[in-house]
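Here is the structure we will look at.
Within every chain, numbering begins at 1; the chains are lettered A, B, ... in the order of the sequence lines, protein sequences first and strands thereafter. Quick note: numbers below take in every heavy atom, side chains included, and nothing from hydrogens, waters or symmetry partners.
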Protein chains: 2
Amino acid sequence: MPELTESVSRLINEFARLPGIGKKSAERLTYHVLRVHRNEALALADAIRDVKENVRYCRNCYNLAESDECAICRDVRREREILCVVEQPRDLIALEQTGVYHGLYHVLLGRIAPLDGIGPDQLTIDALVRRVRDGTFRELVMATNPTVEGDGTALHISNLLSEVPSPIRITRLARGITSGSVLEFANKEILSDALTGRREF
Amino acid sequence: MPELTESVSRLINEFARLPGIGKKSAERLTYHVLRVHRNEALALADAIRDVKENVRYCRNCYNLAESDECAICRDVRREREILCVVEQPRDLIALEQTGVYHGLYHVLLGRIAPLDGIGPDQLTIDALVRRVRDGTFRELVMATNPTVEGDGTALHISNLLSEVPSPIRITRLARGITSGSVLEFANKEILSDALTGRREF
């Protein structure tokens, strides 16, 4: 479209690359950026840049962090004998918001999904096995999503850990959460029930 | 949420300020930014910055421009005796895409909307009256939106111009049934417009 300036076309295209943003929404967001005060628009640009420059994965648990270790691993008040395995940082956040869990985490950064070409090697499972073998964990809580892929990932991990010489107890979240749903959208009550009612894996 | 890093929280908040983006969508967009390659995320940040730094309004017609004058005002092939009045740059773009109109434009940057506190002074109506008075336009095409506010804005402008000593012809976009629509589903207003504006076959 020669009627749009080059900068405007480019911003529409960049917005349209975001998930769930179509061409029309991208145009609307671009007109919003054009309309708002310069400082408001630049705050968004700077926030994007800062996230890419400052945020990395925790070297222990692969949670989001702004230094080598995340805030949870650095927190001396956390129980260090219990480890909760989640797929994504956003799952960790959802669990933290319940206030029920006080142990450590391990973020897999995904789930085993053969149809999407995601195998165990692309996750942080090796690091998890090392943590369990070298650590002093009493219990490992599987908090993968209650889906076929999440359950499969948990099963794969529990099989791997059964070969590790460690008397660790493996539990999973109680099915207060409904099968087929997505963890990040469950509310606090549902997640609290699931944490409190966890069972032997 | 202490579990999110500061940069991540900030980006979620910035995304949530965009129109049509709620808290959950803002989180999803933020996780997308975290996941994609650094260059892809920075391309969006840079595109936002470039739009705010490079794009301004054309000094003649208030279309978007990257220099003092927009591409249409600079185009010597455009007809300079006909002026089309639109509410927003996006309306101009929609009209340009038809390829039917070859004249110049005037972008009001809004419409008179008393309920939203937008009066004539917040639009570019003064500049339009100046252009008509000082220019050599033969015809002015009102292409405001066919809504109560768009029609009201067009009426206000035509009243103002009737006081300007200029033999300009004021027209408006034809109203009728839309191509590809079904007669039985057109409402009374649409059919009234279509009947009143009927032409020789």
Side-chain angles (χ1 to χ4, degrees), chain A residues 1-8 10-15 17-21 25 27-56 63-67 70-72 75 88-90 92-93 95-97 109 184-185, chain B residues 1-8 10-15 17-21 24-25 27-57 63-67 70-72 75 88-90 92-93 95-97 109:
Chain A
M1 285 192 282
E3 302 77 32
L4 288 171
T5 80
E6 196 192 314
S7 305
V8 174
R10 194 153 66 86
L11 182 54
I12 292 173
N13 289 337
E14 289 299 332
F15 271 130
R17 293 173 75 176
L18 296 174
I21 308 284
S25 298
E27 289 179 8
R28 206 182 315 274
L29 293 175
T30 299
Y31 291 125
H32 173 82
V33 167
L34 281 165
R35 198 171 52 240
V36 296
H37 192 273
R38 181 187 151 88
N39 289 349
E40 185 175 337
L42 295 192
L44 172 58
D46 290 343
I48 292 168
R49 182 173 290 276
D50 284 355
V51 155
K52 289 314 269 189
E53 285 179 354
N54 298 335
V55 180
R56 66 197 95 173
N63 183 20
L64 300 176
E66 301 211 11
S67 59
C70 74
I72 292 175
D75 186 346
Q88 297 289 359
R90 56 179 176 263
L92 180 158
I93 290 160
L95 290 168
E96 279 298 288
Q97 285 172 343
L109 299 179
E184 69 170 306
F185 297 133
Chain B
M1 285 192 282
E3 303 79 30
L4 288 172
T5 80
E6 195 192 314
S7 305
V8 174
R10 194 152 64 87
L11 182 54
I12 292 172
N13 289 337
E14 289 298 334
F15 271 130
R17 293 172 76 177
L18 295 175
I21 307 285
K24 280 283 172 192
S25 298
E27 287 179 10
R28 203 185 314 277
L29 292 175
T30 300
Y31 292 124
H32 173 82
V33 167
L34 281 164
R35 198 171 53 240
V36 297
H37 193 274
R38 181 187 151 88
N39 289 348
E40 185 175 336
L42 295 193
L44 172 58
D46 291 343
I48 292 168
R49 183 172 290 276
D50 284 355
V51 155
K52 289 315 268 190
E53 285 179 352
N54 298 334
V55 179
R56 66 197 93 170
Y57 293 121
N63 183 19
L64 302 176
E66 301 210 11
S67 59
C70 75
I72 291 175
D75 187 344
Q88 297 289 357
R90 56 178 175 266
L92 180 159
I93 290 161
L95 290 170
E96 279 299 286
Q97 285 171 344
L109 300 179

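We find that Arg90(A) and Glu27(B) are not joined by a salt bridge, their nearest charged nitrogen and carboxylate oxygen being 4.0 Å or further apart.
Here Leu44(A) is the residue among Leu34(A), Leu44(A), Asp75(A), Asp50(A) with the most heavy-atom pairs under 4.5 Å with chain B. Considering only heavy-atom pairs separated by less than 4.5 Å from chain B, the leading option among Glu40(A), Glu6(A), Arg35(A) is Glu40(A). Options Gly20(A), Pro89(A), Ser25(A), Ala41(A) differ in how many heavy-atom pairs under 4.5 Å they form with chain B, and the most are formed by Ala41(A). Ranking Ala65(B), Ala47(B), Cys70(B) against chain A, the residue ahead of the rest is Ala47(B), based on heavy-atom pairs under 4.5 Å.
For Ile21(B), the part lying under 4.5 angstrom from a heavy atom of chain A is the side chain only. Using a 4.5 Å cut-off between heavy atoms, Val8(B) contacts chain A through both its backbone and its side chain.
In this structure, CG on Leu18(A) lies 12.5 Å from CZ on Arg28(B), to the nearest 0.5 angstrom. To the nearest 0.5 Å, atom CD1 of residue Ile48(B) and atom CZ of residue Arg10(A) are 10.5 Å apart. To the nearest 0.5 Å, atoms CG (Asn54(B)) and CG (Leu11(A)) are separated by 11.5 Å.
Looking at every heavy atom in both residues, Val55(A) comes nearest to Ser7(B) through CG2-CB, 3.8 Å. Minimum heavy-atom separation, Val33(A) to Lys52(B): O-NZ, 2.7 Å.
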